[in-house]
Amino acid sequence: MDGRKKLGFFMTALAFIATLTACSSNTITPATAKTLSAPGDIVPTEIVTQALGAPATCDPNDSSQYHMKPYQEVLTPFAKIDQIISNDIENGFPGAQLCVMDRTGNILYSNAWGNIQTYNRYGVPIPKEDRIPVTTATLFDIGGTSEIFTAWYATLHLISTGELSLDTRVADILGKGYIENQDLNLHRKLVENNPSDNPYEVENSLKYWRSSLTVEDLLRNRTGNPAGPDFHKQFLDEMINPCYNSGGTRGESLALLDRLPLIKEPRTAQAPSDVDAITLTFIVEKVTGKRFDVYLNELWTEINNRPATCGITATFNPLAHGFAYSDIAATEISGNTRFGLISFPRVRTDVVHGEVHDEAAYYTMEGISGNAGLFSNAESLCRLLLTYLGPEYGMFSANILERMVTPTTLINQSEPTNIGMAWYLEFDENNELCEYWMNSFTRCYVGVLPQSGVVIAYLTNTIHSPARFTTYYFSEHDLNHIIFAGSEYQSSKQSMLFQPE
């Protein structure tokens with residue numbers, strides 16, 4: 001990651017759209033917030049403090065009660081950010097949105113740049129007269145940052161309400177098969193150095209490890225699961241994949257979770273894992289008895305009438321739920337082939353537009369998953385991020401919010417990591433938490449500055465760009481040799497958002 005500070009940033013029971021706009025007349029709606037939040041305007045905190053129970057003085061410009069600098073001294077001036085992104089758009093960068101919001105829901109800055117689609121499937125620029133501009137309402141595929149607003153969001157809420165516990169064992173929810181049915185041959189394939197050559201010992205170790213996994217292990221990505229399930233691949237090199245989801249259904253993926261083996265002993269390493277997020281997705285469904293998207297839509301409707309969090313638009317499978325291509329920013333230009341390098345059954349080869357880019361979510365979870373697949377805009381994500389600032393927003397208990405940003409401990413390390421429950425953590429010189437953030441493969445970044453009560457969402461479709469290859473010899477295992485042209489622009493780098501030390 002680059003920069004001084006890294007900002008790694010659901011109409012019916014069958015839909016997952018939350019366009020939450022039923023605000024009362026005396027609150028700040030997204031529209032009025034824009035009007036009130038021009039540079040230099042006074043933040044109308046008196047409108048919302050009574051409803052939120054927030055401090056009487058929550059002006060993010062007032063640094064007297066905080067260790068960190070006011071946000072204006074931390075973030076690059078908005079005019080400079082606009083200049084950088086506008087220049088990059090003129091030179092081929094595809095599109096972006098940025099929203100900065102204070103704890104009251106007041107928009108401090110919101111802007112959009114670029115085009116819905118800039119390139120065709122061959123990497124040729126679309127004529128400028130045929131391009132549709134990105135607006136602040138445009139939906140972006142937010143990739144892996146979906147976790148924070150879906151799987152982690154729902155799970156942490158269930159824990160906050162006492163319907164689930166951090167100590168709940170995963171097998172107690174998913175069943176005995178989750179322990180017993182791990183595929184030993186697949187484990188051998190995924191692990192280069194097995195702890196033992198004795199199949200009996202390996203099998204017993206896998207069962208023991210699985211039986212110990214808790215919900216907190218999933219939330220902290222310390223399960224020992226592989227990074228991705230690869231359910232969409234029929235073959236793993238020359239081996240027939242025993243976890244191949246031939247039908248592409250969510251039900252089949254749930255069954256395959258039992259078969260997918262651990263590759264490490266739990267709590268010895270921490271690494272992002274789509275498997276952890278997908279497992280949490282099904283845990284939410286088991287606990288609530290509702291499909292994942294339906295439950296999340298209920299949560300977001302619950303906070304609709306709260307002034308700071310009113311006006312959220314977010315959805316899975318947007319084309320199936322009333323949105324048009326012109327409402328959504330495109331992502332990768334050659335489907336999931338990485339410009340012809342990868343092939344598997346049902347692989348997409350055209351521009352990915354209005355469908356989740358992530359392979360696991362698209363091919364094996366029907367687009368409804370906790371690892372990826374959420375489409376939203378920067379303003380909506382900022383309103384969701386506010387609910388992570390404190391229990392007064394009604395989603396999470398104070399205890400779970402504190403646990404969420406507590407560094408993770410591992411059994412083989414004396415010092416905790418700099419990662420909490422999915423969030424990357426930054427501390428100031430007084431060892432006070434000053435930022436937590438998350439990012440994604442699609443180059444979307446979300447962050448919370450808890451001391452000043454400011455949240456930030458910076459969304460791009462960086463991967464909607466041609467590729468540059470750094471070697472003449474390719475295989476499916478050489479993806480690190482492919483560089484998206486969009487990633488070479490300053491606008492793709494989160495460091496752009498922050499002033500240098």
Side-chain angles (χ1 to χ4, degrees), residues 144 147 151 170-171 173-195 199 202-213 217-218 221-266 269 271-286 292 336-338 342-348 356-373 441 475-477 479:
E147 294 180 356
V170 179
I173 299 174
L174 298 186
K176 187 177 180 180
Y178 184 69
I179 300 172
E180 301 290 337
N181 296 340
Q182 296 175 84
D183 192 283
L184 188 57
N185 290 327
L186 183 55
H187 173 80
R188 292 195 186 99
K189 172 66 180 176
L190 297 175
V191 179
E192 293 182 2
N193 298 311
N194 285 294
V202 173
E203 183 177 13
N204 281 341
S205 293
L206 290 175
K207 289 180 179 181
Y208 176 75
W209 293 350
R210 247 309 152 73
S211 67
S212 73
L213 287 182
D217 292 329
L218 291 169
N221 291 130
R222 61 183 185 189
T223 58
N225 274 319
D230 287 340
F231 291 162
H232 62 290
K233 296 181 180 180
Q234 189 172 8
F235 295 95
L236 301 174
D237 294 329
E238 301 300 318
M239 176 183 175
I240 296 176
N241 185 3
C243 290
Y244 173 52
N245 187 334
S246 59
T249 67
R250 300 176 81 250
E252 191 170 352
S253 290
L254 173 58
L256 289 172
L257 279 179
D258 290 355
R259 198 179 302 172
L260 189 67
L262 296 178
I263 60 172
K264 292 180 180 179
E265 182 180 355
S273 171
D274 288 345
V275 180
D276 292 348
I278 291 171
T279 304
L280 286 171
T281 301
F282 289 122
I283 286 176
V284 170
E285 295 189 348
K286 292 281 189 179
F292 191 56
N336 295 116
T337 68
R338 297 300 187 276
I342 296 176
S343 180
F344 51 83
R346 300 180 285 124
V347 67
R348 293 172 291 184
V356 56
H357 174 270
D358 180 82
E359 291 91 338
Y362 179 78
Y363 296 104
T364 69
M365 291 293 288
E366 302 174 40
I368 304 170
S369 182
N371 74 301
F441 178 78
S475 78
E476 186 175 335
H477 305 291
L479 301 183

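From a predicted model like this one, the values you see are computed outputs, not experimental measurements. These values consider heavy atoms only, across backbone and side chains, with no hydrogens, waters or symmetry-generated copies.
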According to the salt bridge (Lys or Arg N to Asp or Glu O under 4.0 Å) rule, which pairs have a member within residues 248-261, sequence neighbours left out?
Arg250-Glu285

Inspect the surroundings of NZ in Lys207 and state if more than 12 heavy atoms from other residues, nucleotides or ligands are less than 6.0 Å away.
yes

Are any of the side-chain heavy atoms of Asp230 and Leu236 separated by less than 4.5 Å?
yes

Looking at side-chain heavy atoms only, is the closest gap between Asn185 and Met239 below 4.5 Å?
yes

Would Thr337 and Ser343 count as a side chain to side chain contact (heavy atoms under 4.5 Å, CB included) here? Give the steps.
CA-CA 6 Å; Thr337 68; Ser343 180; over 6 Å; no

Side chains of Trp209 and Lys264, heavy atoms from C-beta outward: is any pair under 4.5 Å?
no

Any donor-acceptor pair under 3.5 Å from Gln182 side chain to Leu262 backbone:
yes

Just checking, any donor-acceptor pair under 3.5 angstrom between side chains of Asp358 and Asn371?
yes

Carefully, step by step, assess Arg338 and Glu359 under the rule salt bridge (Lys or Arg N to Asp or Glu O under 4.0 Å).
CA-CA 12 Å; Arg338 297 300 187 276; Glu359 291 91 338; 3.8 Å; yes

Kindly indicate, with the supporting measurements, whether the criterion side chain to side chain contact (heavy atoms under 4.5 Å, CB included) is fulfilled by Ile240 and Phe235.
CA-CA 5 Å; Ile240 296 176; Phe235 295 95; 3.6 Å; yes

Heavy-atom donor-acceptor pair, Thr364 side chain to Ala360 backbone, under 3.5 Å
yes

When you measure from the side chain of Ser273 to the backbone of Pro226, do you find a donor-acceptor pair of N or O atoms at a distance under 3.5 Å?
yes

Using the test ring-ring contact (aromatic ring centres under 6.0 Å, His included), find all partners of Phe344 that sit at least two apart in sequence or belong to another chain.
His232, Tyr363

Can Asp183 and Lys189 be counted as an ion pair, charged N to O under 4.0 angstrom?
no

Looking only at heavy atoms, the pair that brings Gly373 and Val356 closest together is CA-CG2, 3.3 Å

All N/O donor-acceptor pairs, side-chain side in residues 274-283, below 3.5 Å, sequence neighbours left out:
| residue | atom | partner | partner atom | Å |
| --- | --- | --- | --- | --- |
| Asp276 | OD1 | Thr223 | OG1 | 2.7 |
| Asp276 | OD1 | Asn225 | ND2 | 2.9 |
| Asp276 | OD2 | Asn221 | ND2 | 2.9 |
| Asp276 | OD2 | Thr223 | OG1 | 3.4 |
| Thr279 | OG1 | Val275 | O | 2.7 |
| Thr281 | OG1 | Ala277 | O | 2.9 |
| Thr281 | OG1 | Gly370 | N | 2.8 |

Can you list every salt bridge (Lys or Arg N to Asp or Glu O under 4.0 Å) pair that touches residues 240-249, not counting sequence neighbours?
none

Qualifying residues under salt bridge (Lys or Arg N to Asp or Glu O under 4.0 Å), relative to Arg210, sequence neighbours excluded
none

d(Leu260 CG, Cys243 SG) to nearest 0.5 Å is 5.0 Å

Asp217: salt bridge (Lys or Arg N to Asp or Glu O under 4.0 Å) partners, not counting sequence neighbours
Arg222, Arg267

For Gln234 and Pro345, indicate whether the former's side chain and the latter's backbone hold a donor-acceptor pair under 3.5 Å.
no

Could you state the interatomic distance from OG1 (Thr249) to CG (Asn245), rounded to the nearest 0.5 Å?
5.0 Å

Out of curiosity, Tyr178 OH to Ser211 OG, how far, rounded to the nearest 0.5 Å?
10.5 Å

